Structures are given as C-alpha cells and as structure tokens.
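Below is one structure, written out as structure tokens; comments come after it.
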Amino acid sequence: MKIKVINGPNLNMLGIREPGIYGSESYGALCAMINEHCEKLGIEVELQQSNHEGDLVDYIQQSYGCIDGIVINPGAYTHTSIAILDAAKAVGIPMIEVHISDVASREDFRQVSYIRAACEKTITGHGLQGYIEAIDFLFEKYGK
Ligand code: DQA
C-alpha cells in the first residue's frame, strides 16, 4: 500500500505556532512519527507540505494512479478552497481529513469544510495522533 500525507499552510510551523492549540511537537516530529508508524505497518508513505493552495492541488493530482489513500490536513484552506475539493473529487482516491485542533469548538469561520465532501472520514481534535488514526483507517480498509 502506498499513501500520501499532505499538510497545508502553517503546519510546517508546528511546535512554534500557538502551542496551546496545536501542541509543542514540531512538523519534523510529526513526520518522524508517521514514518515510523507506516514502516511498522509496511506502508509506503510520502509526506508533502506547502503553504500554497496550487501546490496542494498538484500533490493531489499527482497521486492519481499511483497512490492508494491520502491523509490531508489542508489547514486554513479547509475553510476556503473549492479547488482542493475539486482535485480530491477528480482523482477519486480514498481520503481522510485530519485537524489537530477541535475545529468544531473554535471560531465560526472554521465551521465550514469544503474538503469534507470528498473525504470518507474526518478526525478532529485528537492532536498529532489523529494522523495515525487516519492511517490506521486507510490500512484497515484498503491495505489488506
Ligand atoms: C487546522 C485547523 C484550521 O482551522 C487551521 O487553519 C489550521 C490547522 C488543524 O489542524 O487544527 O491551520 O487544520
């Protein structure tokens, strides 16, 4: 099984940005945790992060035909990007939406998720562990 974990804007600032909301672990630590978990399960994983909307569209498009599942945290683009939703719908790859924070209990402008319409499951508020839960879900459903 081959998956991608795609992170959007400001997630490269994990550990620095609002640690009370996003925790004290760095993006590097998140990548290490994901790599270790995937290695244990025998999953091939590619990690991608960008602060640019079009890059996220490219990462999704480039997955077509070669990736079995995508875990995505589009950051703030969750709440604004029809282009990322359209890319997800275009490739039709099983996708799980992850948010580190509990977006449901935050500001009104975070209550809309465009990407959700293309995702099999949404995991919010479980911290970095949410990425692991998303990977496990994909593995259980598509990895065996
Ligand atoms: C986030 C939640 C978004 O509202 C925010 O813009 C982020 C991170 C999360 O992981 O909790 O950048 O996606």
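Counting starts at 1 for both ligands and their atoms, following the listed order. Sequence positions, counted from 1, serve as the residue numbers for this chain. Given the structure is predicted, the values throughout are model-derived calculations rather than measurements.
For the residue pair N51 / Q49, a side-chain donor-acceptor distance below 3.5 Å is found, with atom types taken as modelled. Judged purely by distance below 3.5 Å, without hydrogens or angles, the side chains of S113 and E97 pair a donor atom with an acceptor atom.
Considering backbone and side-chain atoms together, V98 places no N or O closer than 3.5 Å to any N or O of ligand 1. Checked against a 3.5 angstrom limit, the closest N/O atoms of L11 and ligand 1 fall outside it.
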Show me the donor-acceptor pairs within less than 3.5 Å that the side chains of residues 64-73 make with the rest of the protein, sequence neighbours left out.
residue : atom : partner : partner atom : Å
D68     : OD2  : K2      : N            : 2.7
N73     : OD1  : G75     : N            : 3.0
N73     : ND2  : V98     : O            : 3.4
N73     : ND2  : Y131    : OH           : 3.1

Considering only distance and modelled atom types, tabulate donor-acceptor pairs under 3.5 Å from the side chains of residues 41-48, sequence neighbours left out.
residue : atom : partner : partner atom : Å
E46     : OE2  : Q48     : NE2          : 3.4
Q48     : OE1  : K4      : NZ           : 3.1

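Atoms of ligand 1 lying under 4.0 Å from any heavy atom of R17, numbered from 1 in the order shown and given with element: 7 (C), 8 (C), 12 (O). Numbered from 1 in the order shown, with element, the atoms of ligand 1 that lie under 4.0 Å from a heavy atom of V103 read 2 (C), 4 (O).
A distance of 9.0 Å separates CG in D58 from CG in L56, rounded to the nearest 0.5 Å. Between the CD1 atom of I84 and the CE atom of M95 there is a distance of 9.5 Å, given to the nearest 0.5 Å.
Heavy-atom proximity to atom 1 (C) of ligand 1, evaluated over H79, H99, E97, M13, is greatest for H99.
Protein heavy atom closest to atom 9 (C) of ligand 1, with residue, atom name and distance, is I100 N, 3.3 Å. Of all protein heavy atoms, the one closest to atom 5 (C) of ligand 1 is R110 NH1, 3.3 Å. Residue, atom and distance of the protein heavy atom nearest to atom 11 (O) of ligand 1 are S101 OG, 2.6 Å.
Between Y77 and ligand 1 there is no heavy-atom distance shorter than 4.0 Å.
Counting heavy atoms of neighbouring residues, nucleotides and ligands inside a 6.0 Å radius, atom CD of E39 does not exceed 12 of them.
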